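The first residue of the sequence shown is numbered 1, and numbering continues consecutively from there. For clarity, every value in this text was computed on a predicted model and none was experimentally measured.
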Amino acid sequence: MSTENEGKSEGTQVPPAPSAPPVPVESPSASPQAPAPDAGAPTTPLPAAPAQAPEAGHAPAAPEGHWPPPTAPQGAPAPVDGDWPPPTAPQAAPAPQGAPAADDWPNPAPATPLYADAGASTHAYGAPGSADVAAGGPGGVGGPGGPGGPDGTVWGAAYQQPAPKSGRGRGGLVAAILVAALVAGGLGGGLGYTLAKNDDDTGSTTVSASTNGGDVKRDPGTVAGVAAKALPSTVTIEAESSSGEGGTGTGFVFDTQGHIITNNHVVADAVDGGKVTATFPDGKKYNAEVVGHAQGYDVAVIKLKNAPSDLKPLTLGDSDKIAVGDSTIAIGAPFGLSNTVTTGIISAKNRPVASSDGTSSAASYMSALQTDASINPGNSGGPLLDASGNVIGINSAIQSTGSGGLGGTTQSGSIGLGFAIPINQARYVAQQLIKTGEPVYAKIGASVSLADSTEGAKITDTAEGGASAVESGGPADQAGLKPGDVIVKLDDMVIDSGPTLIGEIWTHQPGDKVAITYERDGKSHTVDLTLGSRKGDS
């Protein structure tokens, strides 16, 4: 780091003489003559002689060999704006041999001004510091104004005692500041030494680190507290078909009878003659059987064989009260890594999602909770918890650059777009599966196009197998809907496609009344209808 010197000797000009010469003082006695200066010595041009001789004054004679001579007991003239340094009072010099008498004016000026010693190299305290910032940003050494004071003062520059000069200028102020700083530093050092010395007088003190960290108490509302409570009720599920194919997923305790909720696609391979096991975090492993599965909802229930008597079901929350931004905690076995806990937030609600279990062309539809909590293949069927540890959803699908569903054949990872079945819907489905072994779906009694669209859900001309697209006597028929009508809203939910409509209908239960808004021939109509029911996945 470098600074510019202020007042270099090379090329420095002698300041101009004041507009009116100061009054010299007459010497009381003649000074001994000094030898004439060397002819080769540099000289400084003399200022023009005044028109009149100055008034007589008296100044003490300079002792031989002393320079500069003592000044007259008069103050220097006031500095003129722009002059630096301020002019000093004239001083009487010893008369060299052959030089004018002591009363003659003007006296020769010194060859080098007092404020700029020839050849001296001094660092300027007031010079602006260079902005020497280390590469990588404003955190480097230096910064605006350099590593000194806020005005650019560079502390710690080499210092050389200057020639005597007036203390009224900037140099005097800097010197005062420096002295004050040194005094303060000395005071602090002295106090520090005194305190240390006093402490030493009382004997040495040995400080030893504690080898016992103490008990760690965590608030039940922290992630660690929630995880500690929920993990014992979460299981890693392994399912395989009769031919040995299968995979790993997750589930959680639904009741004390040993029922475990999970995704349909986790156990789909084991439905017909396969094998299912559930392993708890403590290592205890149980065989299980599939009680029921709902391919459309992507929900399944298994039951532990010889279930333990100390099962603790997880508390179910209310997914209808969840808000975007609420904290989430996901538990599962991503890529087989059991008992993994990740966190995030609810990043969206009512997200229409269609996914497949990988075993057929049939899809699952949900109006999902979207979360950025990291979930991956193996998290399927695991609980999505709120900050209090209540289950608000079942982790079911992810959006990825590869396969869109957790049950796909590729092992794509999380990109922060995970989807969970709302627990209010999953609870209803699980209860139906436990009671009857079959799912029950709400319906409107009309077939809609599943093609990608942003215009709404269009009722097709015919249903699968050539049947009528509008079921005779069904809810849609009774409400007056016809093939070609485009449904654009269900209650307050905007419908932009067939899958969106299906997922939204399945958030309701048979018998619920809903308002359907549709468009026909460019006109909008709204009708009320009561949802019907359908049992099974066929």
Side-chain angles (χ1 to χ4, degrees), residues 264-265 268 271 292-299 350 352-368 404-405 421 425 428-429 432-433 436-491 493-538:
N264 171 71
H265 71 257
V271 169
H293 62 101
Q295 183 273 325
Y297 290 123
D298 197 15
V299 175
N350 305 311
V353 174
S355 62
S356 172
D357 63 8
T359 62
S360 66
S361 60
S364 301
Y365 300 98
M366 69 186 84
S367 183
I421 302 167
Q425 177 182 0
Y428 164 74
V429 176
Q432 292 297 319
L433 293 176
T436 67
E438 289 186 302
V440 178
Y441 297 91
K443 70 173 185 178
I444 64 170
S447 296
V448 294
S449 173
L450 300 179
D452 291 339
S453 172
T454 58
E455 304 298 327
K458 183 178 180 179
I459 299 178
T460 58
D461 294 332
T462 59
E464 186 178 354
S468 174
V470 178
E471 180 185 336
S472 179
D477 185 33
Q478 294 179 7
L481 294 175
K482 297 180 179 180
D485 290 344
V486 179
I487 299 174
V488 296
K489 188 178 289 188
L490 190 152
D491 289 334
M493 288 298 303
V494 174
I495 304 301
D496 58 6
S497 65
T500 301
L501 176 63
I502 296 172
E504 189 61 31
I505 289 174
W506 286 354
T507 64
H508 293 77
Q509 298 178 18
D512 288 349
K513 291 183 178 181
V514 297
I516 297 292
T517 301
Y518 65 95
E519 295 179 352
R520 180 190 296 169
D521 299 329
K523 295 182 180 180
S524 180
H525 307 272
T526 300
V527 295
D528 294 331
L529 59 78
T530 300
L531 295 174
S533 65
R534 170 174 65 86
K535 291 184 178 181
D537 284 318
S538 60

| said: I'd like to check Val429 versus Ile421 (side-chain heavy atoms, cut-off strictly below 4.5 Å). Are they in contact? | reply: no
| request: Quick one: pull up CG in Asp485 and CG in Asp521 and give me the separation to the nearest 0.5 Å. | output: 8.5 Å
| message | If we check side chain to side chain contact (heavy atoms under 4.5 Å, CB included) with Ile444, which of these qualifies: Leu529, Thr530, Ile502? | response | Leu529
| Sub-4.5 Å side-chain heavy-atom contact between Ile459 and Lys482 | no
| field | Minimum heavy-atom distance between Ala442 and His508, given as atom pair plus value | value | CB-O, 3.7 Å
| request: Would you name the heavy atoms of Gln509 and Leu531 that are closest together and state the gap between them? | output: O-CD1, 4.1 Å
| message | Are Val514 and Ile505 packed together at the side-chain level, in the sense that at least one heavy-atom pair is separated by less than 4.5 angstrom? | response | no
| field | Test item: side-chain donor near acceptor, Ser449 and Thr460, under 3.5 Å | value | no
| request: Find out whether Val470 and Pro483 are in side-chain contact, i.e. whether some heavy atom of one side chain is under 4.5 Å from a heavy atom of the other. | output: yes
| message | For a 4.5 angstrom cut-off between non-hydrogen side-chain atoms, does Leu433 reach Tyr297? | response | no
| query | From Lys458 NZ over to Leu450 CG, what is the distance, rounded to the nearest 0.5 angstrom? | reply | 13.5 Å
| Does any N or O in the side chain of Gln478 come within less than 3.5 Å of the main-chain N or O of Gly473, such that one atom is a donor and the other an acceptor? | yes
| Would you say Glu438 has more than 12 foreign heavy atoms packed within less than 6.0 Å of its CD? | yes
| query | Which pair of heavy atoms, one from Trp506 and one from Gly296, lies closest together, and at what distance? | reply | CZ3-O, 3.3 Å
| query | What's the verdict on side-chain contact (heavy atoms from CB on, under 4.5 Å) for Ser355 and Met366, showing C-alpha distance, side-chain angles and the deciding distance? | reply | CA-CA 9 Å; Ser355 62; Met366 69 186 84; 4.2 Å; yes
| Do Pro439 and Gln432 touch side chain to side chain, with heavy atoms closer than 4.5 Å? | no
| note | The reported gap from CD in Glu504 to CE in Met493 (rounded to nearest 0.5 angstrom) is 4.5 Å
| field | Smallest separation among heavy atoms of Val271 and His293, with atom names | value | CG1-NE2, 3.6 Å
| said: Do Leu490 and Ile516 have side chains that approach each other closer than 4.5 Å (heavy atoms only, starting at C-beta)? | reply: yes
| task | Write down the atom of Asn264, the atom of Gln295, and the distance for their closest heavy-atom approach. | result | ND2-CA, 3.7 Å
| request: Could you tell me which non-hydrogen atom of Ala463 sits nearest to which non-hydrogen atom of Ser468, and how far apart they are? | output: CB-O, 3.5 Å
| Tyr441: partners by side chain to side chain donor-acceptor pair (under 3.5 Å), with sequence neighbours left out | Asp537
